[in-house]
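Numbering of ligands and ligand atoms starts at 1, following listing order. In what follows, residues are counted from 1 in the order of the sequence shown.
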Amino acid sequence: MANELQALIFDVDGTLADTERDGHRVAFNAAFVEAELYWEWSEALYGELLSVTGGKERIRFYLEKFNTDFEKPAQFDEFVAGLHAAKTRHFVEMMQRGEIPLRPGVERLIKEARTANMRLAIATTTTPANVEALISNTLGSEAMQWFEVIAAGDVVPAKKPAPDIYTYAMEKMGLQAEQCIAFEDSRNGILSSQGAGLKTIITINGYTKEDDFSGAVVVLDQMGEPNAPCQVLQGDVELTCLDLAAVQRLFLA
Ligand code: XBP
Ligand code: MG
């Protein structure tokens, strides 16, 4: 049936785990030190840099807007790619050390969805190695198999807010937007998911709490746990924690 919920499609950064401030930002800075650049992306500056998704794109944006004096090396594309590869290595190592946990309720909801045979996918801007490092070090090495499609990074040329990554994930699953629901944490994320026609549940984080989430089916502070309820910030629903029944209700509302 067209309007029966078939699949949950999750964003990664900010949604599954709070990776931006204490994960990606720290990894970028470590890569800059290693390259003897000594650029320092503060928490506040990183908030501004997050307006551009994709790590390579973010480095370019930083140089265009915040460090215009930097003399670009002749092989600029290779320079950015090299910096970004080092950043990915640092990020993966941080995940292997277990530095960033999943957000409240994420593991509970994913496991409940699996038990109910709900189909699962990932649609993210981040590099595939980062997704694997986060998922296998939090949910276990088998957990990558739980997701039917892991749509990530440069697999589509136009990153979020473009809808392409969600459209790609749904095409791979052979599903329509009317059969899926997206989980996001940011304005760029919801622009992407809604652009692909998806209903979207938002859990905010420190960097995105002021974002415009018009059209979201609900905005929550977190997914919550039965003993640690979530707060509904936008949307006319009563919820203590986001379980699969609540997702189904929100999908049909
Ligand atoms: C995530 C991103 C990514 C990460 C860094 O956005 O924008 O660029 O910050 O990852 P979303 P890479 O949560 O909307 O997918 O450095 O691997 O690009
Ligand atoms: Mg995100």
**Student:** Counting no waters, how many protein N/O/S atoms sit under 2.8 Å from the Mg ion (ligand 2)?
**Tutor:** 3
**Student:** Do you see a donor-acceptor pair shorter than 3.5 Å between the side chains of Thr208 and Ser186?
**Tutor:** no
**Student:** For the residue pair Glu225 and Arg108, establish whether any side-chain heavy-atom pair is separated by less than 4.5 Å.
**Tutor:** yes
**Student:** Any donor-acceptor pair under 3.5 Å linking the side chain of Arg187 with the backbone of Phe213?
**Tutor:** no
**Student:** Please give me the minimum heavy-atom distance between Asp18 and Ile100, naming the atom from each residue.
**Tutor:** O-CG2, 3.8 Å
**Student:** Without hydrogens or angle criteria, can the side chains of Tyr166 and Gln194 be said to hold a donor-acceptor pair below 3.5 Å?
**Tutor:** no
**Student:** Any chance the side chains of Ser214 and Asp212 put a donor and an acceptor closer than 3.5 Å?
**Tutor:** yes
**Student:** Applying a heavy-atom distance cut-off of 4.0 Å, which protein residues contact ligand 1?
**Tutor:** Asp11, Asp13, Glu20, His24, Phe28, Tyr46, Thr53, Gly54, Gly55, Arg58, His84, Lys87, Thr124, Thr125, Thr126, Thr127, Asn130, Lys160
**Student:** For Lys56 versus Ala81, what's the shortest heavy-atom pair and its separation?
**Tutor:** CD-CA, 4.5 Å
**Student:** Scan residues 244-253 for pairs that pass salt bridge (Lys or Arg N to Asp or Glu O under 4.0 Å), counting only residues two or more places apart or in two chains.
**Tutor:** none
**Student:** Just grab all the ring pair (Phe, Tyr, Trp, His ring centres under 6.0 Å) pairs involving residues 125-158, residues at least two apart or on different chains.
**Tutor:** none
